[in-house]
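Heads up: the structure comes next, in structure tokens.
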Amino acid sequence: MSSLTEDKRFAVLGAGSWGTALAILLAHNGHQVTLWGLPPEVDALNRDRCNKRYIPDIPFPDNLTANSDLEEVLATTDEVLVVVPSHAFRTVVDQIKTINPNIGRLSWATKGLDPSSRKLLSEVAHELLPGIDVAVLSGPTFAKEVAAGFPTAITIASNSESYAKFLAEAFSSDTFRAYTSHDIIGVQIGGASKNVMAIGAGMSDGLGFGANARAALITRGLAEITRLGATIGAHHETFMGLAGLGDLTLTCTDDQSRNRRLGLALARGLTIDEAKAEIQQEIEGINTAREVYFKAKELGVEMPITDQVYRIIYEGQSPREAVKELLHRAHKSED
């Protein structure tokens, strides 16, 4: 480990599956890590020395502890990584501001948009904490595989090249590789929008439409995501990388994806509430479908797959009818 990152104290805010996996990774890399969550879950984490609910087979290293007192956590840390659901991001960052208004930098691994404003999370962070360095971690990752030490690669995008490099060193290991990027807009748009496409892919597969349809949905989904990103200043090449095509492919094709599983459940005729009860974890794509749908409308960006996923979730459109709508659209060039 480099002298730039050794002996650092990390606070990971959010004790779900992804927050737990990243906390385990950082601890294995030699950092002192505190995992913040709500009192009942923190008590269980410290008692069991693992996250029995989400990652039961991976024990916590000795240098990983859990704490539900955010003020205490922030007072004893060097680096803060936020890994709460996107709908809680603004609230948590506001709490950070109240406790430590002089915080100089902030990172997160949350994928989504702010539901109250449809802003990117970087915009929310700069709104609440003007002038700070920010960084977002994104890419094709399943929490259980990261916690288990399976080979993984991600992208860390930041407005500060030195901060991105610092975090890349802190997270990198023999099995975990972090690339850096300055396209913080593109990395966030890719990480949020792919969840919407994964719901669509799950519905397509659940209806038995086959591999051709899945490949078409992923490809055209990527085109939608790229159009949206380019409209607000992202770089096209970002969407060909880990935070774009990589994350999209993973989430659309593997049943570890909660968003894909939501689509499969909807194809079976379950309601949203029934599917959520079955999956029993945060499904970011439900909120993100609404936020991306309205953001695209505001910007005049054509996103037909997103439109149909939104209508299925929020307007009662049937999955089969949605596919018909997509296939019956006017013919056009792929360019």
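Residue numbers run from 1 in the order of the sequence given.
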Donor-acceptor contacts under 3.5 Å from residues 70-88 side chains, at least two apart:
{"residue": "Glu72", "atom": "OE2", "partner": "Asn67", "partner atom": "ND2", "Å": "2.9"}
{"residue": "Thr76", "atom": "OG1", "partner": "Glu72", "partner atom": "O", "Å": "3.0"}
{"residue": "Thr76", "atom": "OG1", "partner": "Val73", "partner atom": "O", "Å": "3.3"}
{"residue": "Thr77", "atom": "OG1", "partner": "Arg9", "partner atom": "O", "Å": "2.9"}
{"residue": "Thr77", "atom": "OG1", "partner": "Ala11", "partner atom": "N", "Å": "3.1"}
{"residue": "Thr77", "atom": "OG1", "partner": "Glu79", "partner atom": "N", "Å": "3.4"}
{"residue": "Thr77", "atom": "OG1", "partner": "Glu79", "partner atom": "O", "Å": "3.0"}
{"residue": "Asp78", "atom": "OD1", "partner": "Arg9", "partner atom": "NH2", "Å": "3.2"}
{"residue": "Asp78", "atom": "OD2", "partner": "Arg9", "partner atom": "N", "Å": "2.9"}
{"residue": "Asp78", "atom": "OD2", "partner": "Arg9", "partner atom": "NE", "Å": "3.3"}
{"residue": "Glu79", "atom": "OE1", "partner": "Arg105", "partner atom": "NE", "Å": "3.3"}
{"residue": "Glu79", "atom": "OE2", "partner": "Arg105", "partner atom": "NE", "Å": "3.3"}
{"residue": "Glu79", "atom": "OE2", "partner": "Arg105", "partner atom": "NH2", "Å": "2.5"}
{"residue": "Ser86", "atom": "OG", "partner": "Glu284", "partner atom": "OE1", "Å": "2.7"}
{"residue": "His87", "atom": "NE2", "partner": "Glu282", "partner atom": "OE2", "Å": "3.4"}

Flag if over 12 foreign heavy atoms under 6.0 Å of CD, Glu274: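 Enclosed: over 12 neighbouring heavy atoms sit under 6.0 Å from CD of Glu274.
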
Donor-acceptor pair, distance only, cut-off 3.5 Å: does the side chain of [X] make one with the backbone of [Y]?
X: Arg118; Y: Phe294; value: no
X: Trp36; Y: Ala15; value: no
X: Asn63; Y: Val33; value: no
X: Thr152; Y: Phe150; value: yes
X: His236; Y: Thr226; value: no

Given Thr180 and Glu161, is the side-chain contact (heavy atoms from CB on, under 4.5 Å) satisfied, shown in steps? CA-CA 8 Å; Thr180 61; Glu161 185 175 358; over 6 Å; no

Kindly determine whether Ser160 and Ser162 satisfy side-chain hydrogen bond (donor to acceptor under 3.5 Å, both in side chains), including the steps that lead there. CA-CA 5 Å; Ser160 163; Ser162 62; 3.1 Å; yes

Got a sec, which pairs hit ring-ring contact (aromatic ring centres under 6.0 Å, His included) with one end in residues 270-292, sequence neighbours left out? none

I'd like to know if [X] and [Y] make a salt bridge, using a cut-off of under 4.0 Å between side-chain N and carboxylate O.
X: Arg311; Y: Glu321; value: no
X: Asp114; Y: Lys119; value: no
X: Arg214; Y: Asp205; value: yes
X: Asp255; Y: Arg260; value: yes

With Thr110 via side-chain hydrogen bond (donor to acceptor under 3.5 Å, both in side chains) - residues at least two apart: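 Counting only residues at least two positions away or on another chain, Thr110 forms no side-chain hydrogen bond (donor to acceptor under 3.5 Å, both in side chains).
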
For Gln280, the side-chain hydrogen bond (donor to acceptor under 3.5 Å, both in side chains) test, sequence neighbours excluded, returns none

All salt bridge (charged side-chain N to carboxylate O under 4.0 Å, His left out) counterparts of Lys97, not counting sequence neighbours: none

Salt bridge (charged side-chain N to carboxylate O under 4.0 Å, His left out) involving Lys295 - partner list, sequence neighbours excluded: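 Lys295 satisfies salt bridge (charged side-chain N to carboxylate O under 4.0 Å, His left out) with no other residue.
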
Do [X] and [Y] touch side chain to side chain, with heavy atoms closer than 4.5 Å?
X: Ile305; Y: Arg220; result: yes
X: Ile103; Y: Asn100; result: yes
X: Leu129; Y: Val93; result: yes

Could you tabulate the donor-acceptor pairs under 3.5 Å formed by side-chain atoms of residues 130-149, not counting sequence neighbours?
{"residue": "Thr141", "atom": "OG1", "partner": "Gly139", "partner atom": "O", "Å": "3.3"}
{"residue": "Glu145", "atom": "OE2", "partner": "Gln256", "partner atom": "NE2", "Å": "2.9"}

Give, for atom [atom1] of [X] and atom [atom2] of [Y], the distance between the pair rounded to the nearest 0.5 Å.
X: Ile58; Y: Cys50; atom1: CD1; atom2: SG; answer: 9.5 Å
X: Arg258; Y: Arg261; atom1: CZ; atom2: CZ; answer: 7.5 Å
X: His28; Y: Asp174; atom1: NE2; atom2: CG; answer: 12.5 Å
X: Asp69; Y: Thr34; atom1: CG; atom2: OG1; answer: 11.0 Å
X: Ser181; Y: Ile156; atom1: OG; atom2: CD1; answer: 10.5 Å
X: Thr271; Y: Glu278; atom1: OG1; atom2: CD; answer: 10.5 Å

side-chain contact (heavy atoms from CB on, under 4.5 Å) for Gln281 and Lys276? Distances and angles first, verdict last. CA-CA 7 Å; Gln281 283 184 269; Lys276 288 166 68 175; over 6 Å; no

Find out if a path of hydrophobic residues (ILVMFWY) with successive side-chain heavy-atom gaps under 4.5 Å connects Val42 to Ile99. no

Quick one: side chain to side chain contact (heavy atoms under 4.5 Å, CB included) partners of [X], sequence neighbours excluded?
X: Tyr314; answer: Ile286, Asn287, Arg290, Tyr310
X: Arg49; answer: Asn46, Phe60
X: Ala267; answer: Leu207
X: Thr98; answer: none

Closest heavy-atom pair and its distance - [X], [Y]:
X: Ala243; Y: Asp247; value: O-CB, 4.1 Å
X: Leu35; Y: Ala23; value: CD1-CB, 4.1 Å
X: Met303; Y: Ala296; value: SD-CB, 3.6 Å
X: Ala125; Y: Phe89; value: N-CE2, 4.4 Å
X: Ser204; Y: Leu217; value: CB-CD1, 4.3 Å
X: Ile313; Y: Ala289; value: CD1-CB, 4.1 Å

Which is it for Arg90 and Ser117 under the side-chain contact (heavy atoms from CB on, under 4.5 Å) test, yes or no, and what are the steps along the way? CA-CA 10 Å; Arg90 177 181 288 273; Ser117 64; 3.6 Å; yes

Would you mind writing out the side-chain donor-acceptor pairs for residues 183-200 within the sub-3.5 Å range, not counting sequence neighbours?
{"residue": "Asp183", "atom": "OD1", "partner": "Gly186", "partner atom": "N", "Å": "3.0"}
{"residue": "Asp183", "atom": "OD2", "partner": "His235", "partner atom": "N", "Å": "2.9"}
{"residue": "Asp183", "atom": "OD2", "partner": "Thr238", "partner atom": "OG1", "Å": "2.4"}
{"residue": "Gln188", "atom": "OE1", "partner": "Leu121", "partner atom": "N", "Å": "3.3"}
{"residue": "Gln188", "atom": "OE1", "partner": "Ser122", "partner atom": "N", "Å": "2.9"}
{"residue": "Gln188", "atom": "NE2", "partner": "Ser122", "partner atom": "OG", "Å": "2.8"}
{"residue": "Gln188", "atom": "NE2", "partner": "Ile184", "partner atom": "O", "Å": "3.0"}
{"residue": "Ser193", "atom": "OG", "partner": "Ile189", "partner atom": "O", "Å": "3.1"}
{"residue": "Lys194", "atom": "NZ", "partner": "Thr251", "partner atom": "OG1", "Å": "3.2"}
{"residue": "Asn195", "atom": "OD1", "partner": "Asn259", "partner atom": "ND2", "Å": "2.9"}

